[in-house]
Every structure is written in C-alpha cells, then in structure tokens.
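Structure first, commentary second.
Just so it is clear, the structure is predicted and the values come from calculations on it, not from any experiment. Note that ligands are numbered from 1 as they come in the structure, with each ligand's atoms numbered from 1 the same way. As a basis for the values below, the full set of heavy atoms in this structure was taken, side chains included, without hydrogen atoms, waters or symmetry mates. Positions are given from 1, in the same order as the sequence printed here.
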Amino acid sequence: MRVRLRARQGGRRVDLALGLLLAVGALTGVAANTIGVNWPLDLIQIHAAAALAILLLAPWKYVVIRRGLGRRRRGAGTKALSLALLFFVLVTVGSGLLHSTGRVEFAGPLTLMQIHVGAAVGALLALAAHFLGHGVRPRRADADRRALLRLAVLGAGAGVATAAWDTGVATDRRFSGSVPKKDLEVTAWFDDAVQRLDPATWRVQVGAAALDLAFVTGLPHESFTAVLDCTSGWYSEQRWEGVRLSAVLAAARVPMAGRRSVEVRSATGYARWFGAGTLDDVWLVTGVGGRPLGYGHGFPARIVAPGRRGFWWVKWVTSIEPSSRPAWAQSVFPLS
Ligand SMILES: Nc1nc2c(c(=O)[nH]1)N[C@H]1C(S)=C(S)[C@@H](COP(=O)(O)O)O[C@H]1N2
Ligand SMILES: [Mo]
C-alpha cells in the first residue's frame with residue numbers, strides 16, 4: 001500500500017514536470033518562431049533543453065503509462081487520448097531534433113517544420129483534453145525540497161544534454177532555430193503562386209502616384225546585407241539593392257502626417273502593415289546579389305525588412321499605401 005502510494009505521488013510529479021516542460025517548449029517555440037530579434041537569452045537552446053528534458057523524463061513516464069494502461073477502470077477514451085498525446089510529443093520532439101541537424105528538410109510532401117508545428121498543436125490539444133479528463137493540479141506539497149532538488153538535477157541534465165547535442169550533432173542555428181542556406185529558396189507563406197509580372201506594364205501604386213519600374217529603379221539605391229529568416233526553418237544572408245520605404249513615399253510626394261502605417265500589398269493580395277515609425281528600416285528592393293530579383297523572389301520589387309521574419313518580406317509589391325490603421329492591429333501571422 002505504501003509503495004503504491006509513493007509510486008502514484010511520483011507519477012503526479014512526473015506529470016507536473018512534463019506539463020511544465022511542454023509549456024516551456026510551446027512558449028519558447030512560438031517566441032523563437034515569431035520574433036526576429038536576438039535576445040540575450042538564446043530561445044532555441046531553451047527550447048531544445050525543454051525537449052531533451054522531456055526525453056530524460058521518458059523512463060519515469062514510461063512506468064507511469066504502463067501502470068495507467070493496465071488499470072481497468074480507465075476508459076478506452078482516456079487511454080487513446082494518452083497514447084495520442086505520447087505520439088504527438090514524440091513526433092514534435094523527434095522532428096525538432098532532426099531539424100536541428102540541418103540534414104533533413106522534408107518528410108514526404110511536408111517540411112519538417114510543418115510536421116513539428118502540426119504535432120505540437122496536436123500535443124497541446126491532447127494535453128488540454130487530458131488535463132480536463134484527469135488533471136493533475138499542483139499542490140503545495142509538490143514543491144518540497146526533494147522535488148525542487150530533482151527539478152534542479154533534471155535542469156542540469158538537460159543543460160548538459162543540450163550542450164552535447166549542440167556541439168556534437170546539431171548544425172549552426174540562428175537563435176530562431178533556423179538552419180543556414182547559401183541561396184534563397186522560393187517560398188510562400190501559404191499558397192501564393194509565383195507571379196511573372198510584366199516589367200513593361202507593372203506599376204506600384206504609392207498614394208496618388210502609379211510608379212513604373214524605370215522610376216523605381218531610378219531612385220537612389222543603397223546596397224546592404226540582410227538575413228531572410230523563414231519560419232519554415234532556414235535562413236540566408238544576401239546582399240540587396242533597394243530604397244527605404246520612407247524615400248519611396250517622399251519621392252512620390254505622399255504625406256504621412258496623421259497616418260499610423262503603410263499597407264504594402266502584393267499582386268497576390270498578400271499584405272502587411274508597417275508602422276509609420278519604421279519606414280526608414282523597411283526597404284523596397286529591386287535587386288539581390290547584383291542582379292534583378294528572380295520571378296520567384298518577387299520580381300520586379302519586394303520588401304526586405306531586416307530583423308523581421310520572412311513573412312514580412314512581401315513579394316511582387318503592387319501598392320504601398322499610407323493607412324490610418326496601426327500596425328499592431330494586424331494578425332501576428334498572415335492569414336492568407
Ligand atoms: N506575396 C507574397 N509574399 C511573400 C510570401 C507570400 O506567400 N506571398 N511569403 C513570405 C515568406 S513566408 C517568406 S519566408 C519570403 C520568402 O522569400 P523568398 O521566396 O524570396 O525566399 O517571402 C515572403 N513574401
Ligand atoms: Mo516564410
């Protein structure tokens with residue numbers, strides 16, 4: 001009786017620790033994949049450490065699971081849910097670790113990152129259902145000295161495992177988790193098809209002015225390097241030639257007084273809003289690596305927004321319009 005009771009206590013704590021690790025993994029994953037700036041904390045290392053800590057706890061969880069599945073009074077639904085959660089967590093951790101090696105990008109038609117994010121969402125849904133079914137609620141007594149000591153040991157173990165993985169197995173990653181690529185890849189956020197716009201008839205509408213390509217390429221261009229970091233898990237540093245949006249607006253004599261943002265829209269309808277205060281740091285680009293943009297990369301003109309993730313880098317730009325909508329009033333991720 002005493003032994004069983006202690007085993008149950010152990011199970012509770014393993015579950016609490018796993019729940020905590022999944023939460024840390026989800027938060028660091030979303031943050032690393034949304035935010036384009038380098039923080040003093042290397043988010044992706046914390047993300048990896050949470051994943052490795054989950055694996056370190058696996059032997060203990062295995063004991064708990066075997067006991068749970070053997071119990072008759074647990075319904076088939078609960079068991080199926082537990083197995084689904086296990087499956088999603090293993091796929092999430094496995095695809096993440098595989099991605100960090102930089103050797104594999106696709107599994108069938110899907111990118112590893114699509115599988116990673118999809119499985120993570122599945123895991124969080126299963127976890128929520130699992131919790132509603134038989135939630136382990138933290139109790140005061142869970143945080144006794146021994147439990148905290150074990151948590152510290154687990155943290156140290158995860159730290160060592162992360163350092164070993166990083167030096168021995170993983171490739172060089174950015175703080176976002178993205179792996180390097182020499183060349184850009186043609187990528188769409190969702191399902192935009194590559195546009196082959198005719199340079200003779202292309203115009204970019206800027207306020208009341210419809211600028212043609214000769215006008216845009218005639219604006220004084222600057223050359224600069226910037227890293228495109230796609231949420232599908234790769235990045236590439238390139239040299240770009242372009243004009244700051246503030247300069248484009250000035251050349252078209254478009255007043256920004258009282259406006260909160262500019263809406264940059266693509267021939268495909270894809271659009272992002274850039275805050276009025278950021279227009280010196282967002283570029284309308286017509287060349288990369290000393291050549292005009294390729295069709296796949298947004299010819300004849302695209303956005304380059306250094307420090308922001310790839311989904312801000314609108315391709316095939318056809319309008320740049322001052323807007324009274326604040327930039328924060330758009331969805332964090334594009335919706336189409
Ligand atoms: N019009 C349009 N622009 C777009 C996208 C898109 O789907 N449609 N995808 C964005 C995303 S998610 C990325 S990562 C970059 C990819 O640029 P590349 O194809 O030149 O590598 O373009 C961005 N610009
Ligand atoms: Mo992307």
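Annotation for ligand 1: atoms under 4.0 Å from non-hydrogen atoms of V186 are 19 (O). Within the listing of ligand 1, atoms 14 (S) sit less than 4.0 angstrom from a heavy atom of C230. Counting atoms of ligand 1 from 1 in the listed order, those under 4.0 Å from a heavy atom of T268 are 1 (N). Contact atoms of ligand 1 toward H297: 18 (P), 19 (O), 20 (O), 21 (O) (distance under 4.0 Å to a heavy atom of the residue). The A188 neighbourhood of ligand 1 comprises atoms 7 (O), 9 (N), with distances under 4.0 Å to a heavy atom of that residue. Close approach of ligand 1 to L228 (heavy-atom distance below 4.0 Å) involves ligand atoms 14 (S), 17 (O), 21 (O). Within ligand 1, counting atoms from 1 as listed, the ones closer than 4.0 Å to a heavy atom of S266 are 1 (N).
One finds the CZ atom of R173 at 5.0 Å from the CD atom of Q45 (value rounded to the nearest 0.5 Å).
Defined by atom type and a distance below 3.5 Å, a donor-acceptor pair is present between the side-chain atoms of S246 and D280. Residues T286 and H221 bring a donor and an acceptor atom of their side chains to less than 3.5 Å of each other. S236 and Q238 are linked by a side-chain donor-acceptor pair at a separation below 3.5 angstrom, with hydrogens and angles left out of the test. Side-chain atoms of W234 and S232 include a donor-acceptor pair closer than 3.5 Å.
Heavy atoms of Y270 found under 4.0 angstrom from ligand 1 belong exclusively to the side chain. At a heavy-atom distance under 4.0 Å, only side-chain atoms of W316, from C-beta outward, approach ligand 1.
Among protein heavy atoms, the minimum distance from atom 23 (C) of ligand 1 is reached at G310 O, 3.2 Å. Shortest contact from atom 24 (N) of ligand 1 to any protein heavy atom: W313 O, 2.9 Å. Of all protein heavy atoms, the one lying nearest to atom 21 (O) of ligand 1 is E185 O, 2.4 Å. Of all protein heavy atoms, the one lying nearest to atom 9 (N) of ligand 1 is W189 N, 3.2 Å. If you check which protein heavy atom lies closest to atom 19 (O) of ligand 1, you get K315 NZ, 2.5 Å. Ranking the protein heavy atoms by distance from atom 8 (N) of ligand 1 puts D192 OD2, 2.7 Å first.
Checking side-chain atoms of K315 against main-chain N and O of T187 turns up a donor-acceptor pair under 3.5 Å. At distances below 3.5 Å, not a single donor-acceptor pair connects side-chain atoms of R174 with backbone N or O atoms of S178.
Between S261 and M256, the shortest heavy-atom distance links the atoms O-CE, 3.9 Å.
Each of F274, Y270, W283, W240 was checked for a ring-ring contact (aromatic ring centres under 6.0 Å, His included) with W313, and the lone residue meeting it is W240.
For the pair R302 and ligand 1, a heavy-atom separation below 4.0 Å is found.
Aromatic pair Y295/W316: centroids not less than 6.0 angstrom apart.
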Please walk me through it: do V204 and T318 pass side-chain contact (heavy atoms from CB on, under 4.5 Å)? CA-CA 4 Å; V204 57; T318 50; 5.8 Å; no
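Below 3.5 Å of separation, one finds no N or O of W234 facing any N or O of ligand 1.
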